[in-house]
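These notes concern the structure reproduced below.
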Amino acid sequence: MLAALAVLWLALAWVSDGVFLSPRNLVNLAVQASAVGVMACGMVLVIAARQIDLSIGSVLGFTGMVIAGLQVQGGLFDAPLPWPAALAAGIALACAIGAWHGAWVAYARLPSFLVTLAGLLVFRGAAWLVSDGRTLAPLDDAYTRIGGGLGGAIGAPATWAIAAAACAAIAAARWRAPLHALPALAALIACAAIANAVPGPDGTSAGAPLPVLVLGAVALGVHGLATRTRFGRHVFAIGGSPIAAELAGIDVRGVTLRAFALLGALSGVAAALTTARLGAATNSMGTQTELAVIAAAVLGGTSLAGGAGSAGGAVLGALWMQSLENGMVLLDVTSALRQVVIGLVLIAAVAADTRARRDAR
Amino acid sequence: MLAALAVLWLALAWVSDGVFLSPRNLVNLAVQASAVGVMACGMVLVIAARQIDLSIGSVLGFTGMVIAGLQVQGGLFDAPLPWPAALAAGIALACAIGAWHGAWVAYARLPSFLVTLAGLLVFRGAAWLVSDGRTLAPLDDAYTRIGGGLGGAIGAPATWAIAAAACAAIAAARWRAPLHALPALAALIACAAIANAVPGPDGTSAGAPLPVLVLGAVALGVHGLATRTRFGRHVFAIGGSPIAAELAGIDVRGVTLRAFALLGALSGVAAALTTARLGAATNSMGTQTELAVIAAAVLGGTSLAGGAGSAGGAVLGALWMQSLENGMVLLDVTSALRQVVIGLVLIAAVAADTRARRDAR
Amino acid sequence: RASAAASATSGKEVVVGVSWSHFQEERWKIDEASLVAGLRERGARYLSADAQSSSEKQLADVENLITRGADVLVVVAHDPSALGPALASARAARIPVIAYDRLIEAPDIFYLSFDNRRVGRIQAEQILAVAPRGRFAFIKGSPQDPNTEFVHAGQLDALRPAIEAGRVQVVGDQYVDGWLPDVAQRVMEQVLTRGGGSIDAVVCSNDGMAGGVAAALAAAGLSGIPVSGQDGDVAALNRIALGRQTVSVWKDSRALGRAAAEVSVALAGGTPPEKIAGASPFTTPRGVRVPALLLEPVAITRANLDRVIDAGWVTRASVCRGVDPGPQAPPACRAPN
Amino acid sequence: MSAPALEIAGLTKRFGGVTAVDGVTFSVGAGEVVALVGHNGAGKTTLVELLSGALHRDAGEVRVNGRAASLRSPREAQLAGVATLHQHLALADNLDATANVFLGHERRTRLGLLDERAMEREARALLDGLSPGFAALREPVALLSGGQRQLVAIARALRLDAKVLLMDEPTAALGPGERARVVELVQRLVAARLAILLVSHDLETALAVAQRIAVMRRGRLVAIRERAELDAASLAALAVG
Amino acid sequence: MSAPALEIAGLTKRFGGVTAVDGVTFSVGAGEVVALVGHNGAGKTTLVELLSGALHRDAGEVRVNGRAASLRSPREAQLAGVATLHQHLALADNLDATANVFLGHERRTRLGLLDERAMEREARALLDGLSPGFAALREPVALLSGGQRQLVAIARALRLDAKVLLMDEPTAALGPGERARVVELVQRLVAARLAILLVSHDLETALAVAQRIAVMRRGRLVAIRERAELDAASLAALAVG
Ligand SMILES: Nc1ncnc2c1ncn2[C@@H]1O[C@H](COP(=O)(O)OP(=O)(O)OP(=O)(O)O)[C@@H](O)[C@H]1O
Ligand SMILES: Nc1ncnc2c1ncn2[C@@H]1O[C@H](COP(=O)(O)OP(=O)(O)OP(=O)(O)O)[C@@H](O)[C@H]1O
Ligand SMILES: [Mg+2]
Ligand SMILES: [Mg+2]
């Protein structure tokens, strides 16, 4: 996937006279991919447990509306809440919705496709009902920084500091094989340099945008959860063989429920990123996002048959999908032709990747 | 599912003062469900073989455009084709598209989710490009009868004749246990009577509408294919265990490809039903139909884990989904609330059905 | 089936069936509210169906409304040319049809609307008024939605001379799937990147997408570049007050809803279409002559925000939220001195 | 004398019309091996699954160390002190041998994270004891040979430190050397006062380790004999029936 | 003398760094049973899979009835006359016993439809021969007991009417009675001039039916002996190594 992504980027850079690889566009790309990337990380766990969640786009729309409704004048209640309270309430709500779906799947043993399809309908409708279909705006200026817009980047010194801290952590973890750590260190430093190459509104370096940092933190967290904790181990065991997991004494239902709840919470985070970025909550937000998210996870090596997948892969998958979109608009390809080209490139990339993996064995 | 459907219908009849169960509405319902039903029958085989096809909505849109483009003045070519030729070309094209997806899945072994997601994009874009986004209309009057509109029903005598022939066939097949055949015979006669209770444009009985007959024929054909032929047996074996099927000497790739091709062809049939019913081809046709079709198949007992499913169940599932849609319009609630109600009823129905099946064991 | 007129005169309550295209934008909710209010005043019953942007579903909806005993149909066509069979059913049942907001090209309908092409023209004219030359981008609606083309055609009507004269260069021309604001935002970011981070005006087709465009411009430090929209969304009017959007073409949906209530009850009561108050004959692009009642869209800019406030469409507080009430503020938001 | 480690009374399980286990009563004492033999489809596995919590009994009682055990889930059975080696092994094919040995009972560091090193060390020790030089600790068990998979499943059951050990055909896929080591191991466990129910078609193994041998036929327990009363021929005659 | 039914020369298969089958050479004549024994993970199953077309060899040659066989897929192997009973059975769990016995080779009526009655009749006859009273012909095989599943897999391999029959642990899950019947059956097949390669950990069964016994260790064929040269003790010593 990484190799295919590199090829794609070079190709897009070539046809766009290098604009595609300009720091500004790369930063845009990362910001644009962050909401889908955050949800894809959670989707990895749900799919790895042999389930699926189609509701996340609607949950994003609904919780986005709630977060906005709680903080704007004349929103849900007479007195608007401060934005951190609204944000926390929204994410908690999204987590509860995920748990509600998970409960039907895990305890009532209904097929997750149908349960979450129902969720897709319910929360799309609910998003509309929250505000009677109105767009809720404007949102608090401090809140909109989360979206990475004006003032939504952390500046050059903080960016370098974070990059340095991350490099140190990687080096510490890999001190036995320092050469293996080199590519990761190089990538980190490159990312920081790119982020700092974009000028902010005041002319100095903008630095890393907040949504990208959120994505990084989520990806790291889900990666750790998946590979270093009992919960993650059990998720993959369930996906490999639900019966074996049950017989081994794993609390299959509890684990399944928690995977859905986690994805729900991450949809809430994505809702925050989306509304903050837009500076508003609209009732069509998140429509059809579920397909993009599942595609990102699957592109990143998650198997719909369960038992395999990684957060890092999902983030790569999200970048992949967004690179195609981003690049095509950059080339001013009309939307119909864009869809055709994206579809064809997608097949070609998956084919190349599958072949590469097979040959590597 | 059948019991749950009966409950739903009675409930809807009650809240709509009986309008829901009026002959006209039941016939409408059947016609409205026919395109999704036709595709759901094909989807059963694809899912039973452990695959998925997300492209069918776009394939419907694209082939609908082509069928229309070939027969209207100033469409694809200068000289319009007669509608039967356009229809045949469209279905052949849809079948080829299904085979193209199937080839990537079966021979290149790419995940069907990604291949058909790419197909969803490609053919949605292609549908737009066929006509530059224009709606193609009007279609040939003879052709539009396929859609069940004006003159699209076969009249009372033919309806009774078909019902009688079907009854005779069932009776012959079940002559050892005539009592078991009774419910099916009663249902058939009731359907015929309902169809004939609707007045046609000339005031006499309209009889069975063509789309419903097409759906019946497709369901019967797929049922036979699934239960009585090698192809069907192999599809289910592949779904049960792809490795076991391969080791048993089954041509796994060929069978998979043919399942996709069949679903493609049925999407073409659905495209014909849809365009004929609309009397036009629009480029939003079929958007998001894939979810409805998969939901119908799954509601009808098809397992996304592969190896189980039936055409009859899929048709029931399609009726279910359409009953919810159709019935909710009868409730005087806003469309957002309607979505919420549909989602909740869906969960309740699936839960009831799952519990009933578990208790039966 | 007894004719609708007969049933209406016989004192039975009139049943008006409304088939909506979708409810994705704020305005339809308002149309619905005023239409329902109008019907209630006249003692008529309201039935509705929402096609959720699908022609297939709209066809089914119309059938259902007829089944449920509608005496007159109000249709917000999702795709006007794909409604043939629905009109045939209505004709067969002798039910009058009002084409609401969107024109249906058929001889026996009553057309009640704002002119969408005119909406596009007003958008472009207003943009040209503040930015007579430079690099322009078009952010169009969903490629699946026929209205997209009507609006865009109007925009081109107004801009064509400037483009041909070279005063205006088109540096971006993109559809936005589903009219989604977040997609519009991403598209705008790409158009900006492509143009090296500068642009002179954005001709955007509705207010929802204009929100996404404004957010993209703000993030690039370009707040204040002319942006157009339509629908008179509260958020858009607020942006106009804040100087982040130039114009929102306001079609007072309440007037349209009220007119629909009036016309539908009249038609159900047997009034011939030509005799409806204010109706005039209208020739469609394909040359069909239909009776029509056309309302004027209004361009809302910084200068005339009072108009929507005075009409009770929105409150002053919501329009002027966050606006510094000094002398720089738009007239509607200036502190009374 | 204290209560037997495992007591079963009138245990019954029906599948539709078939009674797979039909009023089975017997007990296994601590430090005792009872071998269970019988034709294919006799109900041996069903009996084991009932005791392991994987299936729910229709009637009957089970006591573990004198205490009534409801055994409503595998977890519950494990907590009651019953460890099981399933005939179909019940491995998570996508995980490696180490992860499978510790599945559901992973070792953790003080930070609450998985302690991979401790687990690998322990798994290596266990598997090495069963099959010297067992190397594939980090490959998905799907890639292991039939016998290697069985060894992993045995190691898992041993790890649970249970009072009652149910082994359903533990040696079916094992080579002669591995089988001999498992027999030895069972003898060591018995010395450590475990109660073992050993289901096996391998009459030789059964005779080698069991103190008593039970025979099932069509769901019923038709005989239960002391080892001393039997030799290879008489046991074969009993088992074939 | 005509060519042996199955000839293998230098057969090799590597998985990553491991050589699972390493230059194995031997042959099986028509009417001969060669038993293959060895420790767990010795490479026996890998060898069988190579011959059955399930895996592709890295080097070596295979001849069936004197003709070079490429064995690129299970189908090809079947067409070349090689039938296989896999160690992991390879059943479609969702289908019933009848369907599994005929999988890939369904009987059809003249209309081209499945001839369910003929298939059920034939399957019943086959399974009855292996286990008198085998009743569950119409239940999904997932519900059958371990031994019953193995019987279904055996019946399928027998049905193919092949010249070479590969049996990987055919008796592992069978009860003593069923095992005896399978041994008889193998003897009948040999009398009908089939060539049989029998992989088994059950040395007794191997000694009962084989004319020659081959021993694998870590991928290599380390010995191949005439039955007459061996007794139980010496074979066990060889196999354990
Ligand atoms: N879930 C189930 N549903 C229906 N029947 C079942 C189920 N599980 C087992 N059976 C039936 O119960 C009977 C006993 O099966 P069981 O697996 O207990 O036999 P067993 O003694 O272990 O045989 P083997 O020696 O072959 O392993 C068999 O006839 C089997 O078909
Ligand atoms: N697909 C594979 N990938 C990697 N290694 C494999 C694969 N298949 C088998 N192996 C390895 O090859 C070796 C030989 O395995 P094989 O199954 O042939 O053994 P076997 O002799 O049949 O053992 P058993 O008696 O336990 O069935 C084992 O170490 C196994 O882990
Ligand atoms: Mg058993
Ligand atoms: Mg083996």
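So you know, we letter chains A, B, ... as the sequences are listed, proteins then strands, and number each from 1.
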CG of C/D79 to OG1 of B/T135: how many Å apart, nearest 0.5 Å? 3.5 Å
Is it the backbone or the side chain of B/S22 that comes under 4.5 Å from a heavy atom of chain C, or both, or neither? side chain
In the structure I gave you, are the side-chain heavy atoms of B/S284 and C/H78 within less than 4.5 Å of one another anywhere? yes
Test applied, side-chain contact (heavy atoms from CB on, under 4.5 Å); reference residue, C/S55; option that passes from B/T274, B/T287, B/L278: B/L278
Any non-hydrogen side-chain atom of C/N64 less than 4.5 Å from a side-chain atom of B/Q32? yes
Salt bridge flag under 4.0 Å for residues B/R277 and C/E56: no
What residue, out of C/P85, C/A49, C/A92, has the most heavy-atom pairs lying under 4.5 Å from chain B? C/P85
CG (C/D108) with more than 12 external heavy atoms under 6.0 Å: yes
What part of C/A82 gets closer than 4.5 Å to chain B, counting heavy atoms only: side chain, backbone, both or neither? both
Does a sphere of radius 6.0 Å around CZ in C/R160 hold more than 12 heavy atoms from other residues, nucleotides or ligands, not counting ones at 6.0 Å or beyond? yes
Under 4.5 Å heavy-atom distance to chain C, tell me which part of B/Q288 shows up: side chain, backbone, both or neither. neither
Quick one: OG1 on C/T67 to CG on B/N326, what's the gap to the nearest 0.5 Å? 7.5 Å
Can you confirm whether B/R24 is buried at CZ, in the sense that more than 12 heavy atoms of other residues, nucleotides or ligands lie under 6.0 Å from that atom? no
